[in-house]
Amino acid sequence: DRSLIFPVQELHLWMTNRGLAGVPTWKKLGAYPLSAAPMIRSATARSAAGASCAFTGLEHVRWEAAVQPYDRIFGQLTAQAARHIVDHVLAVAPSGPGLDCATGPGYVVQEALRRGTPAGNLVGVDFSAAMLDCARNHIANEGVGWLEADIQQPFPADYNGFFSWSTCNFGVLHLARPDAFFAAVRRTLKPDGIFAFTVWADLAKSPAFQIPYHAIEEHGCQDVGLPPGPPFFKFSDPAVAQQALEDAGFRKGSVQTHFLSMEWELERPADIWEVFLQGTARTGALLE
C-alpha cells in the first residue's frame, strides 16, 4: 500500500502513507464546481496569475494554451499512467474520497469513476482554467468537484485530513516549489491516507524525451532565457523523491518505487514535434 511506480516512457508513480491525525467529515467538503466557487477562483487566480514566481507564470501560460495537443497526443501516455495510479490507490482505499492534483484533462478522475468511486467523493484541482474546462468536457458528471488552484499553496481548510487518497499524475515536475506541494497535500490526507505521484524516469530511460532534448543538445542550447525552475528529472531519482516526501512529513520507510513501461502510438510523424512544441510547458518553451 505504499508503492511507487516508474515507466518507460518511464513513469515514476510515487505512493506513501501520511501517518498523521485529523479527520473532518466528508459532508463538510461537498463538491466545489467552478461555477459555485467564485471566492476560491478569485483567490487562486491571483496566485496563478504571476505574483508567486516567474517559473509558475511560464507554466500557467503554457498550459492554458496546450490543452488540445496535450489531450490528443500526450494524453495517450499520461492516461495509461492514470490507470495504474488508480489501481494502486483504490487497492489501499477503495471507498474513501480522493483528491487529484494537477488533474489536467481529468484522466485520474475518469478512471476512478469507471471503477465505481462515487462522483461526490472526487475532487480534481488544477491551476489552468482551460485544463479544467477540458476535464469537465470529458466527465459529464456534476457530482465531481473541480477547484481552480495553485497546488503549491495551502488547500481550503475543509480539505485538511479529509481524503483517503491523493494523486498527482505528472504534475510535480512542473512545480516551482514541489516541497510546498508535498507538505500541502500531506495535510489533506487521513491518518493512513495514501499519496501517489508520477514523473518520467531519467532521460536514459525515457526515449520519447530523448528526441527533443538530444536535438536541442546537438543543434541548440538550453540557455534561452527561461525562468529558472527545479531540474526536470529531479524526482526521477528515488532517493531524492523519498527524502523530499519524508521532509514534508510523510512516514519514514513508507515510500516504494516501481517502473512502469508504456507504449505511445502516434498517428503521424509530425505529432512528435507538435506535441513537444505546443503540448508541453518547459520543453515547448525551449523549442520555441
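Since this is a predicted model, take the numbers as computed values, not measurements.
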Among residues at least two apart in sequence or on other chains, which ones pass side-chain hydrogen bond (donor to acceptor under 3.5 Å, both in side chains) with [X]?
X	answer
Asn137	none
Thr283	Tyr213
Asp247	Gln243
Ser166	none

Could you list the donor-acceptor pairs under 3.5 angstrom formed between side-chain atoms of residues 214-228 and any protein atom two or more places apart in sequence or on another chain?
none

Would you compute the distance between atom [atom1] of [X] and atom [atom2] of [Y] and round it to the nearest 0.5 angstrom?
X	Y	atom1	atom2	result
Ile73	Gln68	CD1	CD	10.5 Å
Phe209	Phe232	CZ	CZ	4.0 Å
Glu263	Leu77	CD	CG	10.0 Å
Ile151	Leu175	CD1	CG	4.5 Å
Leu203	Gln210	CG	CD	5.0 Å
Asn121	Phe163	CG	CZ	9.0 Å

Any side-chain heavy-atom pair from [X] and [Y] closer than 4.5 angstrom?
X	Y	value
Glu59	Phe127	yes
Lys205	Asp202	yes
Gln110	Thr103	no
Val123	Trp146	no

Query - Cluster overlap Leu122 with Ile139, hydrophobic side-chain contacts below 4.5 Å - result: yes

Query raised in the report: Applying the 4.5 Å side-chain criterion to the ILVMFWY set and letting contacts propagate, would Trp264 and Val199 be lumped into a single cluster?
Result: yes

Has the side chain of [X] got a donor or acceptor atom that lies under 3.5 Å from a matching backbone atom of [Y]?
X	Y	answer
Gln152	Phe181	no
His60	Ser128	no
Ser236	Phe233	yes
Thr280	Phe276	yes
Arg282	Leu173	yes

Query raised in the report: Going by atom types alone, do Thr198 and Asn169 pair a side-chain donor with an acceptor below 3.5 Å?
Result: yes

Query raised in the report: Are side-chain N/O atoms of Gln76 and Gln80 paired as donor and acceptor at under 3.5 Å?
Result: no

Report task. For Glu288, check side-chain contact (heavy atoms from CB on, under 4.5 Å) against everything at least two apart and list the hits. Result -> Arg62, Leu277

Report task. Name the orientation class of the two ring planes belonging to Phe182 and Phe197 (parallel below 30°, tilted from 30 to 60°, perpendicular beyond 60°). Result -> tilted

Report task. Assign the ring pair Trp200 / Phe74 to parallel, tilted or perpendicular, where the plane angle (0 to 90°) is split at 30° and 60°. Result -> tilted

Report task. Give the C-alpha distance, both sets of side-chain angles, the deciding distance and a yes or no for side chain to side chain contact (heavy atoms under 4.5 Å, CB included) between Arg186 and Arg251. Result -> CA-CA 10 Å; Arg186 182 194 59 76; Arg251 187 181 302 156; over 6 Å; no

Query - salt_bridge(Glu274, Arg72) N-O dist < 4.0 Å - result: yes

Query raised in the report: Can the ring centroids of Trp63 and His174 be said to lie less than 6.0 angstrom from one another?
Result: yes

Report task. Go through the steps for Leu189 and Phe195 under the test side chain to side chain contact (heavy atoms under 4.5 Å, CB included), then give the verdict. Result -> CA-CA 8 Å; Leu189 292 174; Phe195 171 54; 4.0 Å; yes

**Report entry** side-chain contact (heavy atoms from CB on, under 4.5 Å) partner of Tyr107, the single match among Asp71, Val86, Asp100
**Finding:** Asp71

Requested in this report: For the pair Trp165 and Thr167, evaluate side chain to side chain contact (heavy atoms under 4.5 Å, CB included) and give the outcome as yes or no after the intermediate values.
Outcome: CA-CA 7 Å; Trp165 56 267; Thr167 52; 3.8 Å; yes

